[in-house]
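What follows is one structure encoded as structure tokens, with my remarks underneath.
Residues take their numbers from the sequence shown, with the count starting at 1.
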Amino acid sequence: TDELALPLDEGRIVCDLLAMRETDDGGRVPVVIELKSARHMKRLVHQVSDYAALVDLHADLYSKLFRVILHDDVTFTGPCEKWIVWPQAGEEKDPREDELAEMGIRVVGYKRTGWGFEFRVGAEPDSI
């Protein structure tokens, strides 16, 4: 989904992208992805963490949403993953990758190259 907004008592919460990833063992997990053109870490951590917590709290309802969208029997086998996609920093590895991994957040950096973009996907938080 794209820009999925939900009302809250104090306003609303928005998820840039709600996706599903198939794990190496054949399982399926939801993924909350925040896309940003600036590296505002505190705000991004708050957004991605809060929405992922909502997905985990209502995993049965989100699996039904995926069933409808994908026309497939979707059952989640693990908790929601949190990903932040933002401008690339650092030569080999994002300088915030380890810090964010401690919070369970995966980092994807992007940079413009010629006619498009290049992406550098950080390590899975559990592997750091």
Side-chain angles (χ1 to χ4, degrees):
T1 65
D2 176 30
E3 291 292 321
L4 187 58
L6 297 174
L8 297 176
D9 291 337
E10 61 277 357
R12 67 184 194 141
I13 187 169
V14 180
C15 174
D16 287 342
L17 294 175
L18 178 61
M20 183 179 67
R21 185 177 74 81
E22 291 193 14
T23 60
D24 292 339
D25 62 2
R28 292 175 165 181
V29 294
V31 183
V32 170
I33 304 170
E34 285 299 318
L35 309 170
K36 294 299 178 241
S37 59
R39 295 174 61 93
H40 300 293
M41 188 168 126
K42 186 175 179 180
R43 181 173 167 232
L44 287 171
V45 167
H46 177 69
Q47 285 178 292
V48 74
S49 297
D50 287 357
Y51 208 99
L54 263 176
V55 172
D56 285 339
L57 184 63
H58 302 287
D60 56 330
L61 295 173
Y62 280 95
S63 67
K64 289 178 184 178
L65 173 65
F66 277 95
R67 284 182 201 142
V68 169
I69 293 170
L70 299 174
H71 304 284
D72 191 10
D73 185 23
V74 174
T75 302
F76 297 135
T77 58
C80 188
E81 293 183 0
K82 301 172 280 194
W83 291 37
I84 289 176
V85 180
W86 64 4
Q88 186 171 301
E91 293 300 318
E92 299 293 320
K93 178 179 174 180
D94 192 290
R96 293 290 182 91
E97 185 174 322
D98 292 341
E99 180 182 0
L100 289 164
E102 288 177 12
M103 294 180 254
I105 299 171
R106 192 170 200 174
V107 177
V108 178
Y110 69 87
K111 68 179 180 179
R112 185 176 292 278
T113 58
W115 294 95
F117 292 90
E118 182 178 294
F119 295 90
R120 182 178 63 205
V121 179
E124 290 185 51
D126 292 341
S127 68
I128 293 180

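In this structure Q88 satisfies the side-chain hydrogen bond (donor to acceptor under 3.5 Å, both in side chains) test with no other residue, sequence neighbours excluded. For Y51, there are no ring pair (Phe, Tyr, Trp, His ring centres under 6.0 Å) partners at least two apart in sequence or on another chain. Partners of R120 under the salt bridge (Lys or Arg N to Asp or Glu O under 4.0 Å) rule, at least two apart in sequence or in another chain, do not exist in this structure. E99 meets the side-chain hydrogen bond (donor to acceptor under 3.5 Å, both in side chains) test with R96; sequence neighbours excluded. Taking the ring pair (Phe, Tyr, Trp, His ring centres under 6.0 Å) definition, one finds that F76 meets it with F66, sequence neighbours left out. For D73, the salt bridge (Lys or Arg N to Asp or Glu O under 4.0 Å) partners at least two apart in sequence or on another chain are R67. Applying the salt bridge (Lys or Arg N to Asp or Glu O under 4.0 Å) criterion to E22, with sequence neighbours excluded, gives R28. Looking at residues two or more places apart in sequence or on another chain, you find a side-chain hydrogen bond (donor to acceptor under 3.5 Å, both in side chains) between T23 and D25.
For the atom pair S49 OG and I84 CD1, the distance stands at 7.5 Å (nearest 0.5 Å).
The stretch residues 41-55 participates, sequence neighbours left out, in no salt bridge (charged side-chain N to carboxylate O under 4.0 Å, His left out) pair at all. Evaluation of the ring pair (Phe, Tyr, Trp, His ring centres under 6.0 Å) test over residues 81-116, restricted to residues two or more places apart or in two chains, returns Y110-F117. Within the structure, every pair that satisfies the side-chain hydrogen bond (donor to acceptor under 3.5 Å, both in side chains) test and touches residues 3-16, not counting sequence neighbours, is listed here: D16-K36. Screening residues 101-110 for salt bridge (charged side-chain N to carboxylate O under 4.0 Å, His left out) gives no qualifying pairs among residues at least two apart or on separate chains.
Cluster membership for L17 and V31, using ILVMFWY side-chain heavy atoms within less than 4.5 angstrom, is shared. Residues V48 and L54 fall within the same hydrophobic cluster, defined by Ile, Leu, Val, Met, Phe, Trp and Tyr side chains chained together at heavy-atom separations under 4.5 Å. One hydrophobic cluster holds both M103 and V55 under the rule that ILVMFWY side chains link at heavy-atom gaps under 4.5 Å. A continuous path of hydrophobic side-chain contacts links L8 to L4 [ILVMFWY only; heavy atoms under 4.5 Å].
At least one side-chain heavy atom of T1 sits less than 4.5 Å from a side-chain heavy atom of L65. Side chains of I105 and E34 form no contact here, defined as non-hydrogen atoms less than 4.5 Å apart. Looking only at side-chain heavy atoms (C-beta outward), C80 and D56 come within less than 4.5 Å of each other. Two residues are said to be in side-chain contact when any heavy atoms from C-beta on lie closer than 4.5 Å; L100 and M41 meet this criterion. Side-chain contact between L18 and V32 is present, with heavy atoms from C-beta onward closer than 4.5 Å.
Of all the heavy atoms in P125 and A101, the pair that sits closest is CB-O, 3.6 Å. The two residues G90 and P95 make their nearest non-hydrogen contact at N-CD, 4.0 Å.
A donor-acceptor distance shorter than 3.5 angstrom exists from the side chain of E97 to the backbone of A123, with no hydrogens or angles considered.
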Quick one: do M20 and I69 satisfy side-chain contact (heavy atoms from CB on, under 4.5 Å)? Show the steps, please.
CA-CA 11 Å; M20 183 179 67; I69 293 170; over 6 Å; no
